[in-house]
Amino acid sequence: MSIQQENRFQAIIAHAKEYGFVFPSSEIYDGLSAVYDYGPYGSELKKNIRDHWWKSMTQLNDNIVGIDAAIFMHPTTWKASGHVDNFSDPMIDNRDSKKRYRVDHLLEAHADKLAHEGRKEEEFALLKSMDDLLAKDDFTGLKQLIEDNKITCAISGTSNWTDIRQFNLMFKTEFGAIASDNPNDNVVYLRPETAQGIFVNFLNVQKTARMKVPFGIAQTGKAFRNEIVARQFIFRMREFEQMEMQFFVRPGTEREWYKHWKQQRLNWHLDLGTPTEKYRFHDHVKLAHYAKEACDIEYEFPIGFKEVEGIHSRSDFDLSQHQLYSKKKQQYFDNDIDEKTGKPYGNYIPYVIETSIGLDRMFLLVLSQAYDEETITKDDGATDTRVVMRIPVKLAPNKLAILPLVKKDGLPELARKLMDECKPHFRCFYEEKDAIGKRYRRQDAIGTPFCVTVDHQTKEDGTVTLRERDSMTQKRVPLSEIKNQILNLL
RNA sequence: GCGGAAAUAGCUCAUCUGGUAGAGCGACAGCUUCCCAAGCUGUAGGUGGCGGGUUCGAGUCCCGUUUUCCGCUCCA
């Protein structure tokens with residue numbers, strides 16, 4: 001990463017805070033690591049991104065419907081999905097090599113070694129002790145076990161171990177107001193992904209909305225993960241928001257749908273005006289256990305190319321797992337005629353293509369793409385810098401600023417009238433303080449695409465100046481046409 | 001997690017070798033102003049990250065701690 005890019009990232013973070021887009025969480029208490037709050041303009045921008053995604057998914061595709069599942073889900077959900085097993089392992093670090101190990105892996109490796117040396121009884125004893133201690137979450141005992149067996153790090157060769165720590169990637173909380181003797185009785189997790197809320201509702205949605213495969217279910221919502229490293233601003237947060245769509249298809253057609261959605265999703269990004277060269281696909285070579293094909297859409301952030309969205313061909317893994325754990329059939333009966341057999345396709349568990357985009361990452365993408373420090377030369381030859389957020393019109397927090405040139409001679413009254421006319425239709429901002437140039441710059445800094453200035457000529461011929469953010473050009477437009485002109489651009 | 005650096009007003013910074021904190025910008029109020037910020041006047045805002053120590057006296061020296069940034073590490 002170059003110094004210039006580094007500075008640019010810092011500048012964007014500072015700008016986001018100073019202009020009410022993103023604040024560190026609980027800042028007056030020194031903040032909460034990897035948690036952020038969205039301010040007045042940030043919350044508008046975020047909402048606009050979410051709405052834009054939602055509309056493009058559900059309104060523009062008649063075979064996609066939305067849901068809003070709860071963050072709390074039955075704990076078995078996460079056993080079925082594999083999260084319980086994969087997201088909470090006791091770990092230990094070797095202080096010399098800085099290498100981190102899963103405790104069970106470390107002990108099992110040692111047990112293997114014992115087995116190879118023909119010390120079967122010791123092997124079994126070790127594994128049994130390990131299982132007992134793991135079941136009790138006895139980390140002190142486990143560390144003692146590692147030390148007693150003189151297990152060393154394969155890299156440093158030393159046994160200079162840290163204490164054992166549990167890495168809970170999922171947040172746990174207690175369900176029910178009454179405490180139980182066994183705390184495990186009441187455990188629920190804050191969902192680490194929104195997808196499972198879609199999968200467990202697959203049949204509810206299919207039946208009630210009378211959907212036929214292929215169809216999709218879209219959802220936006222918060223998800224929670226304990227990230228090990230908390231850095232990189234809102235790119236990596238413990239509480240974040242996903243926008244996911246699971247598309248259910250007939251087995252055997254997943255390939256073409258995967259390709260379809262891969263292209264569709266890239267088009268969605270490009271449609272916002274971002275140059276193609278800022279995007280690239282990253283096809284996964286190593287696939288997760290459930291995946292048949294997977295890729296990321298990466299955007300060139302100031303910190304390099306990073307994943308914004310993932311498109312995964314998940315096979316029937318999720319629905320099959322839920323069928324297995326819930327003992328409820330997750331099948332769909334397909335009445336369409338299979339040309340090969342002349343009969344309906346019949347019952348099957350659909351395959352799934354997932355598109356999953358991080359709303360907060362998309363937000364950061366928009367900020368990164370929009371932020372610009374521009375040097376402009378004035379009429380007298382002097383130079384000046386302008387910080388402008390070139391946010392796409394449809395995403396901008398404010399669409400229009402309405403500014404009387406001076407706050408007298410009846411100009412504020414005319415401006416207020418326009419404000420009243422426009423504000424039911426799109427978000428407007430009114431200001432009569434300070435010099436007009438200063439007000440323009442303030443709007444540039446928060447990405448308002450248009451400013452209308454009411455001046456004395458308005459009183460004579462009913463026209464105002466409409467000033468465009470990116471080019472700073474202005475033209476005279478009849479006051480009566482402003483509302484419709486802006487509406488046409490949204 | 002390890003190593004390094006930093007922390008003074010909303011922002012950028014100053015306060016020489018310890019003597020009880022200041023500027024510019026910004027914000028707010030008013031004046032002025034007929035189209036691209038930095039005209040005028042006024043106002044607000046700091047227990048100098050937090051805790052402890054040395055000292056007659058600490059923003060300044062020492063220790064601890066927290067947070068942030070950088071590098072490495074880790075990452076479903």
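In this text the structure is predicted, and so the values were computed from the model without any measurement. For the numbers below, each heavy atom of this structure counts, side chains included, while hydrogens, waters and symmetry mates do not. In the text below, chain A, chain B and the rest are named by the order of the sequence lines, each starting its count at 1.
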Just how far, in rounded Å, is [atom2] of [N] from [atom1] of [X]?
X      : N     : atom1 : atom2 : value
A/R236 : B/A76 : CZ    : C1'   : 10 Å
A/Q232 : B/U68 : CD    : C1'   : 15 Å
A/L414 : B/C34 : CG    : C1'   : 15 Å
A/D409 : B/C34 : CG    : C1'   : 10 Å
A/M170 : B/C75 : CE    : C1'   : 16 Å
A/Y36  : B/U67 : OH    : C1'   : 11 Å
A/L466 : B/C35 : CG    : P     : 18 Å
A/I13  : B/U68 : CD1   : C1'   : 11 Å

Give a yes/no answer on whether the side chain of [X] brings an N or O atom under 4.0 Å of OP1 or OP2 in [N].
X      : N     : result
A/K408 : B/C34 : no
A/R442 : B/A27 : yes
A/Q443 : B/A37 : no

- Taking 4.0 angstrom as the limit, do A/R441 and A/D434 come out as a salt bridge?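 Result for this pair is no, no salt bridge flagged.
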- Are any of the side-chain nitrogens in A/E241 or A/K46 under 4.0 Å away from the carboxylate oxygens of its partner?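 The answer is yes: the pair qualifies as a salt bridge.
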- Could one point to a donor on the side chain of A/D455 or the base of B/C34 with an acceptor on the other under 3.5 Å away?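 Per atom types, no contact qualifies.
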- Message: For a quick check, tell me whether the side chain of A/R439 and the base of B/C36 share a donor-acceptor pair closer than 3.5 Å.
- Response: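 By the distance-only test, no, there is no pair.
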Pairwise [atom1] distance for [N] and [M], with rounding to whole Å:
N     : M     : atom1 : value
B/G46 : B/U32 : C1'   : 32 Å
B/U8  : B/G3  : C1'   : 27 Å
B/C25 : B/C40 : P     : 9 Å
B/G26 : B/U43 : C1'   : 14 Å
B/C16 : B/C56 : C1'   : 23 Å
B/U60 : B/C28 : P     : 35 Å
B/U12 : B/A27 : C1'   : 16 Å
B/A58 : B/G52 : C1'   : 13 Å

- A/Q457 or A/E431: which one's nearest nucleotide on RNA chain B is closer to the 5' end?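 Its nearest nucleotide being more 5', the pick is A/E431.
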- 5′-ward residue of the pair A/R467/A/V406 relative to RNA chain B: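 First, find each residue's nearest nucleotide; the 5'-ward one identifies A/V406.
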- Query: Are the ring centres of A/Y36 and A/Y38 closer than 6.0 Å?
  - Reply: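 Ring centroids of A/Y36 and A/Y38 are no less than 6.0 Å from each other.
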Looking only at the side chain of [X] (C-beta and beyond, no hydrogens), which of the listed nucleotides [options] gets closest?
X      : options             : value
A/L405 : B/C34, B/C11, B/C36 : B/C34
A/E307 : B/C35, B/C31, B/A76 : B/A76
A/R225 : B/G26, B/C28, B/A76 : B/A76
A/R476 : B/C35, B/C28, B/C69 : B/C35
A/K438 : B/C35, B/U33, B/G26 : B/G26
A/E18  : B/A37, B/C35, B/C11 : B/C11
A/R441 : B/C34, B/C36, B/A29 : B/C36
A/K433 : B/A29, B/C11, B/C75 : B/A29

- Task: Would you give the length of the straight line joining atom NE2 of A/H322 to atom CZ of A/F317, rounded to the nearest 0.5 angstrom?
- Result: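 The CZ atom of A/F317 is 8.5 Å from NE2 of A/H322, to the nearest 0.5 Å.
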- Spacing of OH belonging to A/Y351 relative to CD belonging to A/E254, to within rounding of 0.5 Å: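 Between atom OH of A/Y351 and atom CD of A/E254 there are 5.5 Å.
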- Give me the one residue out of A/Q443, A/R439, A/R442 that meets side-chain contact (heavy atoms from CB on, under 4.5 Å) with A/F429.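 For A/F429, the side-chain contact (heavy atoms from CB on, under 4.5 Å) check succeeds only for A/Q443.
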- Task: Using the side-chain hydrogen bond (donor to acceptor under 3.5 Å, both in side chains) rule, take A/D455 and A/T453 through it: C-alpha gap first, then chi angles, then the decisive distance, then the call.
- Result: CA-CA 6 Å; A/D455 57 17; A/T453 302; over 6 Å; no
- Task: Find out whether A/L359 and A/R50 are in side-chain contact, i.e. whether some heavy atom of one side chain is under 4.5 Å from a heavy atom of the other.
- Result: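 The answer is yes, as the side chains (C-beta and beyond) meet within the 4.5 Å cut-off.
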- Query: How is A/T385 classified with respect to the nucleic acid when contacts are heavy atoms under 4.0 Å: base, sugar-phosphate, or nothing?
  - Reply: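 Contact class for A/T385: base.
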- Quick one: the dot-bracket string of RNA chain B, using Watson-Crick and G-U wobble pairs with both distances under 3.5 Å, [ ] for crossing pairs and | for bases paired to another strand. (((((((..((((.....[..)))).(((((.......))))).....(((((..]....))))))))))))....
- Query: Between A/H269 and A/E309, is a side-chain hydrogen bond (donor to acceptor under 3.5 Å, both in side chains) present by the stated rule, with each step listed?
  - Reply: CA-CA 10 Å; A/H269 285 269; A/E309 175 156 7; 2.9 Å; yes
- Task: Name all residues meeting the salt bridge (Lys or Arg N to Asp or Glu O under 4.0 Å) criterion together with A/R416; count only those two or more places apart in sequence or in a different chain, and write none if there are none.
- Result: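 For A/R416 there are no salt bridge (Lys or Arg N to Asp or Glu O under 4.0 Å) partners, ignoring immediate neighbours.
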